[in-house]
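A short worksheet on the structure shown next.
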Amino acid sequence: MRRASRRVVLKGAATSGLAAAGLAAAGIGTAPAASAAGGDRPRSVTARLGGTSVTLSVAHGTLRWSARRGGRTVVAASALGLRLDDGTVLGRDVRVVRERHRTRRTNWTPVYGRNATVTDHYQEQRWDLTDRTSGIRFGVQVRAYKTGVALRYLLLDHGTATIADELTTFVFPDGTTVYSARDENAYEPVAPGSIPVTGTATTDNGPLTDLPLTATLPGGLIACVCESSRVGYPRLMLGSVSGEPNTLSAFLMEHTARGTGPVEPATTVTTPFATPWRAVVIGATHAELVDNAELVLNLAPPSALPDTSWIKPGKVFRCELSTAAGLQGVDFAVARGLEYIEYDAGWYGPEFSTPDATRPIAAIDLPSVISYATSQGIGVFLYVNRLALTDAGSLFALYKSWGVRGIKLGFINDGTRTMTDQIIDWARTAATYELLIDMHDDVRPFGYERTYPNWISLEGVRGNEQFPTATHNVTLPFARNIGGPMDYTICYGQSRDKTTNAHQMAMAAVYYQPLNFLFWYDKPSKYNNPANWPGLPWFNAVPVTWDESRTLAGAIGEYIAVARRNGSTWYLGAMTNESSRTLSLPLSFLGGGTWTATVYTDGTPGASPYRTPVVVGTRTVTAADTLDVAMAPAGGQAVVLKPG
């Protein structure tokens, strides 16, 4: 899939202070010393934690890695290595010169998230290596968490290096199914060797899939391949390998995802340098996988922002493009418990022919709308197409002076190293002006909502505004949403929905989306008679950030049930695919005493899923009870559980 012959640059130079500081922060060069290795005998080291293990091995000079969970194989012996630009391969003829290990456990508090506190507990093994032919020094780090495993490469010489390929492979057991999707395509369950060939003349071409990539394994295990801490490096895709039906291979993107901008066939980095982490989030059950997603955050750098008090997650309403619609949107947001309104594409003119996002169209008196919104405690988001981002600093400073609270960036073309750097710079620059960022279109998560928590959401998914199937909706919690927050506009009460209204309601608890666009395609007038819309109290109340999250049941592509707590109240969402089903969910996660459950459930199925009514009822429950959650085809259920 890549040219094999490229020029390499590996020369002596002073290491930049930034690179050195970053490596020190990652623990590179600071781990406890271990005895030097000698000889050419096969050898291996294993990091273990909580029933999960990851092993590094070398035989005849060749590096391999593997991972297990509960004694079962997740990733069989797989290749490790980097190819430099002159064809030099690091990983096929190596000598281990140093071995180190450490175990670390800390707790940290996210600005917002699935849980109020995150535990970062891992055992790490590291080999420092020398390539016998070139003399280049490099290393491999692996970590075992209870929730999965991770690995990355370290280039240890001082100078620069030009990386042409990453040679990491993932060899799955026989009988594995992977859920492949590229750009905004639907997920397709296939064998690892059968990833569909995609791409165009101006994009990367081949049997390639985007991350996160979920694999269901024999024996009930499930794993999701993600990346974290991608800095100064292209985005990772995975590709099928001809003649190796169970193998997926790393592919570093050379084009942007949708083919704009220069082609970058190689990446020059200042060394010492650490590549992004390749994480495999693992669940003994499908439900457990969803709860283990914070592994991606644990691998990312801590917050770079000294003050995060201004960062407020929230629910958003998109307004039509007029002053009156903006003012009505503010009133609707106040009435419905939302935090933000947004003007989307077109507020400054046709987005692909108007690169000036500093002047609203005549129909919008933006200062009046922002002033009124601010007086009502509502923030304003503005959409900006990437063509208007030629001077992001000046634009963001202007928006800050207007009183704007956030920006939704459109048609962001992630993929190349240049775009990785650009995305991080936009998030950093926006933070300077206390602006939230929501990045849209084909951009993929890599844990940096921890580092720049103002980067509050991103798309990178076949969105709900395209009215996908219920099967797609119950695939996302186990796939795309494992990698990070997901902007998935909720389309409650839309006649084009292929799901019931209760299914749409449940999304607000099932998905992790700290910036949640509600009532997509709607006008406030649609809800003038709330009695016609029994789900409104749920949307009024449901939060977007959580103190505790628990996935109660799930199977990818079939069903999901998640309970999340904010304060003393639990919010439970359940969704099914096109099959009706009833889930029996123990309420043992509740505290003592009695609880009042307000249940929004599917009524008698209508002529289409959208026509299925929402029925509201209440009951008293305790932690000893089991809740029977009945769902119509393409249906769902939403439950509020309050003490007393």
Side-chain angles (χ1 to χ4, degrees), residues 1-6 8 40 42-47 53-68 73-96 125-134 136 138-144 148-155 161 163-174 176 178 191-193 195 206-209 211 213 215 217 223 225-227 233-234 236-253 266-267 274-280:
M1 290 190 291
R2 251 180 220 282
R3 297 185 297 276
S5 177
R6 291 184 179 139
V8 65
D40 295 327
R43 59 183 300 172
S44 65
V45 291
T46 299
S53 65
V54 56
T55 297
L56 277 177
S57 63
V58 61
H60 308 293
T62 300
L63 284 171
R64 292 284 186 270
W65 76 285
S66 60
R68 296 173 69 82
T73 297
V74 176
V75 179
S78 301
L80 289 170
L82 298 172
R83 179 181 288 117
L84 303 181
D85 204 44
D86 66 348
T88 298
V89 173
L90 305 180
R92 290 187 184 166
D93 188 11
V94 304
R95 182 171 62 90
V96 181
Q125 295 282 2
R126 169 179 165 180
W127 274 350
D128 291 352
L129 306 152
T130 298
D131 178 67
R132 294 179 188 272
T133 303
S134 66
I136 293 171
F138 71 106
V140 181
Q141 266 180 306
V142 296
R143 288 181 182 174
V149 302
L151 65 90
R152 69 175 174 181
Y153 302 95
L154 315 169
L155 293 170
I163 300 168
D165 282 299
E166 183 175 323
L167 305 178
T168 313
T169 63
F170 300 78
V171 179
F172 294 109
D174 289 341
T176 294
V178 298
I195 302 294
L208 296 169
T209 180
L211 301 186
L213 185 282
L217 311 172
V225 182
C226 305
E227 67 176 341
Y233 209 73
L236 177 67
M237 300 179 80
L238 295 178
S240 296
V241 179
S242 178
E244 300 182 38
N246 292 327
T247 300
L248 292 176
S249 179
F251 181 89
L252 302 180
M253 293 178 69
T267 298
T275 70
W277 288 101
R278 281 58 181 104
V280 184

Compare every heavy atom of [Y] with every heavy atom of [X], then report the nearest pair and how far apart it is.
X	Y	value
Ala77	Ser66	N-CB, 3.9 Å
Ala164	Ala266	CA-CB, 4.3 Å
Leu236	Ala250	CD1-CB, 3.5 Å
Val241	Ser249	CG2-CB, 3.6 Å
Val149	Ala144	CG1-CA, 4.5 Å

Any donor-acceptor N/O pair, [X] side chain to [Y] backbone, under 3.5 Å:
X	Y	result
Tyr153	Leu82	no
Ser78	Val171	yes
Ser240	Ile195	yes

Answer whether the closest heavy-atom distance between the side chains of [X] and [Y] falls below 4.5 Å.
X	Y	value
Arg126	Leu154	yes
Thr88	Thr133	no
Arg68	Val74	no
Asp128	Val96	no
Arg92	Leu167	yes
Glu166	Arg83	no
Leu63	Val94	yes
Leu213	Leu248	yes

Measure the spacing between [atom1] of [X] and [atom2] of [Y] and express it to the nearest 0.5 Å.
X	Y	atom1	atom2	answer
Glu227	Leu211	CD	CG	6.0 Å
Phe172	Thr73	CZ	OG1	12.0 Å
Arg143	Trp277	CZ	CH2	4.0 Å
Leu80	Leu129	CG	CG	9.5 Å
Thr55	Gln125	OG1	CD	9.0 Å
Asp93	Ser134	CG	OG	9.5 Å

**OP:** Would you check, one step at a time, whether the test side chain to side chain contact (heavy atoms under 4.5 Å, CB included) holds for Leu151 with Leu56?
**Re:** CA-CA 10 Å; Leu151 65 90; Leu56 277 177; over 6 Å; no
Original post:
Any chance the rings of Phe170 and Trp65 have centres within less than 6.0 Å?
Top reply: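 Centroid distance Phe170-Trp65: below 6.0 Å, so yes.
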**OP:** Please report the C-alpha distance between Leu84 and Ile163 in whole Å, then the side-chain angles of each, then the deciding distance to 0.1 Å, and finally whether the side chain to side chain contact (heavy atoms under 4.5 Å, CB included) criterion is met.
**Re:** CA-CA 5 Å; Leu84 303 181; Ile163 300 168; 4.3 Å; yes
Original post:
Does a side chain donor of either Gln141 or Arg152 reach within less than 3.5 Å of an acceptor in the other side chain?
Top reply: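 Present: a donor and an acceptor within the cut-off.
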Subject >> Test side chain to side chain contact (heavy atoms under 4.5 Å, CB included) applied to Tyr233 and Thr275, step by step >> reply: CA-CA 7 Å; Tyr233 209 73; Thr275 70; 3.9 Å; yes
